[in-house]
Amino acid sequence: MMAGTHGQLWYLGMMEENKLKTSEGTLEKARNSEEWRCQGLSTQRSCHFMAFPSFEHVITMDSLCFDSWFTPSWLDEEPARNGFAQDGNRCNDHALPPDATAFVTILRNCAKNKDLRKGTKVHDDITKMGLLEKCSDALVTMYAKCGALSKAKELLELHISRNLFSWTALISAYAQQGLGKEAVDCFEKMQRAGLSPDAVTFTSILKAYGSIGAADKGERVHDEVVHQGLLENDVMLGTALVDMYAKCGALAKARQVFQNLSSRNVITWSALITGYAQQGEAVQAYACYEQMQSEGLFPDAKTYACILKACGDMGAKDKGECIHNEISRQGLLANDFVLGTALVDMYAKCGVLVKAQQVFENLPHRDVTSWSALIEGYAQHGQGEQALKTFEQMQGGGLAPNEVTFTSILKACGALGAVAKGKQIHDEIARQGLLGSNFLLDTALVDMYAKCGALAQAQKVLDELLLRDISTWSALIMGYAQQGQCEQAVTCLEQMQQEGLFPDAVIFSSLLNACSHSGRVHDGHLYFTLLSKKYGIKPDLEHYACMVDLFGRSGHIDKAVGVIQGMPFSDNLEVWSILLGACRKWGDVNVGRWAFEHAIQFDRENTAAYLLMADLYAAVGMHNDAKSNQALRMDNEGLKMLEVVV
DNA sequence: AAGGGACCTA
């Protein structure tokens with residue numbers, strides 16, 4: 001076969017099912033392979049290069065050819081992979097070396113294709129040819145777009161670039177990879193170097209500010225953007241502002257910016273909806289979603305993903321199902337596993353786990369996030385066994401769990417009391433070096449041991465952490481409280497304060513419970529007083545209930561009554577039931593009857609209350625009263641139970 | 001001519 005004058009191998013057509021006709025002859029497709037993976041592309045984009053039916057880049061739609069400066073490296077390597085010998089002579093581009101301008105074009109091509117391998121090779125050639133200075137900016141951009149951020153940074157700073165585009169490319173790349181801090185550093189360095197940001201730079205840095213929650217800096221950019229009049233015709237910049245405020249939790253501000261924009265599109269709306277959904281304002285998110293549609297804009301896959309989250313939070317199964325139908329109708333699940341995960345999560349949160357499982361099984365791709373959503377669904381709804389089973393299936397498929405998966409599976413272990421399995425997970429977490437890097441995971445681990453009653457283990461995990469947060473302590477204190485180990489719980493309280501952490505309402509509930517169960521009336525009362533006086537926490541119903549229990553259990557019925565009467569809330573069934581239980585214990589018929597009367601006002605069929613009251617009468621020898629169905633307003637079922645008691 | 005905006009799991 002003749003070598004073409006350019007040495008390029010062009011695709012000309014399909015000969016047979018697994019043979020390609022090219023300018024240089026025939027290529028055979030690898031056996032059993034439907035597609036050729038784009039090795040040069042970042043896995044994040046997960047792009048596939050389809051050999052059939054057309055020989056085009058599936059994203060850029062460019063026609064592709066082999067052995068040119070402009071060919072992505074994965075394509076250059078394709079002939080070899082398919083058993084074709086590489087013919088060194090064919091690559092004539094090398095015989096006519098490009099100048100700096102040509103190299104810049106080549107680098108842009110590499111950036112566009114995210115072809116780091118070729119870009120690096122080109123960098124090498126540029127250096128050898130002494131063209132580095134002239135190509136430096138293009139190299140920085142290429143490295144930034146290919147995700148090689150340290151290389152980009154190195155070059156940028158080496159030549160103290162004066163090119164706003166290259167600086168912006170790096171800032172933007174940092175922001176896109178979630179490296180907000182680095183993006184900010186770069187942005188500030190750029191300004192110190194005397195370059196002024198433009199609308200694109202602002203858009204990029206706003207994303208970074210959003211990711212690190214720097215609303216103050218974001219607001220300064222906002223002012224500057226308004227000052228320069230950049231917002232007028234720039235939807236992207238406006239969207240970035242909305243997103244920045246939303247990510248920082250400043251939803252009112254996000255909404256305000258949104259409303260003042262001269263134009264909006266589906267992305268702008270989605271930024272706002274996402275903001276509401278992420279801050280737990282599901283109702284607002286849904287309202288926006290409907291308003292967007294009433295203004296004639298159509299949601300896309302990303303909009304659906306975030307509104308599904310809102311549906312899950314609201315437990316709005318029917319709304320979620322409608323959206324599911326729409327998604328299916330549009331065939332959006334075929335190439336979007338983020339959306340698939342959102343759907344699984346929505347059904348799981350709504351408690352429809354059969355449906356969640358079913359959607360999950362029908363997804364074309366499953367990643368660790370979709371698995372985790374399902375596992376968490378089971379863990380959340382008390383189906384620990386199923387959570388464990390799913391977890392094992394996931395590992396069996398060769399997928400590695402991440403921090404979120406571990407957190408969910410630990411929750412399942414704790415609920416099941418499966419301490420051995422929990423320990424195994426603990427070891428795995430430690431092996432992966434994940435301990436101490438994530439408060440939520442650390443806390444889940446302590447909580448798992450605590451729930452299993454393995455308090456020494458729980459304490460050990462907590463002790464070995466260098467940094468702890470209030471939830472981690474809370475998990476341990478709750479464990480001690482549940483075992484009635486009041487002293488240990490108090491010790492924890494003191495230790496956490498020595499670390500500069502302030503206990504919260506939940507911790508005091510645990511603590512009061514612990515005092516109550518170990519008969520420490522004085523301590524309990526003291527903490528209840530300190531709660532508001534020292535810690536500025538407004539006691540909630542739970543705390544009052546603990547106090548009723550604390551006094552009642554220890555025989556201070558009068559004080560228990562005093563607590564109920566002093567509650568700033570209306571009374572509820574729980575406190576009366578606790579009081580009645582205490583009266584039963586101490587044989588206080590008068591207060592007991594009073595508590596009983598209140599309790600059955602909340603629930604006439606409250607069998608537990610009837611039984612307690614009957615039990616109380618029986619305990620003090622008032623058998624007639626105990627049997628008196630008139631006094632107790634017992635139904636037949638209750639009477640039968642009463643006979644058993646008396 | 002190049003650099004820019006929204007999604008899922010604790």
Side-chain angles (χ1 to χ4, degrees), chain A residues 101 104-105 107-109 111-112 137-138 140-142 144-145 152 163-173 175-176 190 197-208 210 230 234-244 246-247 254 261 264-275 277-278 285 292 299-310 312 332 336-346 348-349 356 360 363 366-377 379-380 401-412 438-444 447 471:
Chain A
T101 316
V104 168
T105 313
L107 286 170
R108 274 188 204 132
N109 211 43
K112 198 168 83 179
D137 289 330
V140 169
T141 308
M142 181 278 294
K145 295 211 87 182
N163 187 321
L164 183 62
F165 284 68
S166 301
W167 282 96
T168 306
L170 185 54
I171 292 166
S172 150
Q176 272 166 10
M190 180 193 91
D198 68 1
V200 179
T201 323
F202 283 136
T203 306
S204 303
I205 198 61
L206 282 169
K207 186 184 171 86
L230 294 175
D234 198 331
V235 191
M236 282 180 163
L237 184 52
T239 303
L241 268 175
V242 171
D243 178 58
M244 181 277 295
K247 289 262 159 50
L261 290 180
R264 310 156 188 154
N265 58 24
V266 61
I267 303 182
T268 323
W269 276 99
S270 298
L272 188 65
I273 294 170
T274 302
Q278 282 176 348
M292 176 186 94
D300 65 9
K302 289 187 169 76
T303 324
Y304 286 132
C306 69
I307 203 60
L308 283 170
K309 178 186 167 73
L332 294 175
D336 192 333
F337 52 73
V338 172
L339 185 53
T341 302
L343 209 43
V344 171
D345 176 59
M346 183 276 295
K349 286 230 170 68
F360 176 82
L363 292 181
R366 285 173 279 273
D367 64 359
V368 62
T369 312
S370 26
W371 281 96
S372 302
L374 186 61
I375 292 168
E376 169 61 18
Q380 223 173 34
N402 66 12
E403 283 119 312
V404 183
T405 332
F406 283 131
T407 307
S408 299
I409 209 65
L410 286 170
K411 186 190 286 178
N438 180 327
F439 285 142
L440 288 169
L441 183 57
D442 298 340
T443 300
D447 189 57
S471 316

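Naming: A, B, ... by sequence-line order, numbering from 1 per chain.
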Heavy-atom donor-acceptor pair, A:N163 side-chain to B:dG3 base, under 3.5 Å: no
Which letters describe nucleotides 4-10 of chain B, given B = protein heavy atom under 4.0 Å from base, S = only from sugar-phosphate, - = neither? BBBBBBB
Within 45° of the axis and under 6.0 Å from the centre of the six-membered ring of A:F360, does NZ or CZ of A:R366 qualify? yes
Could you tell me whether A:I307 contacts a base, only the sugar-phosphate backbone, or nothing, with contacts defined as non-hydrogen atoms closer than 4.0 Å? nothing
A:T443 and A:S471 side chains, donor-acceptor separation under 3.5 Å: no
Could you tell me whether A:K411 and A:E376 have a side-chain N and a carboxylate O separated by less than 4.0 Å? yes
Looking only at side-chain N and O atoms, does A:T303 offer a donor or acceptor that is under 3.5 Å from a partner on A:S270? yes
Is there a donor in the side chain of A:T268 and an acceptor in the side chain of A:T239, or the other way round, less than 3.5 Å apart? yes
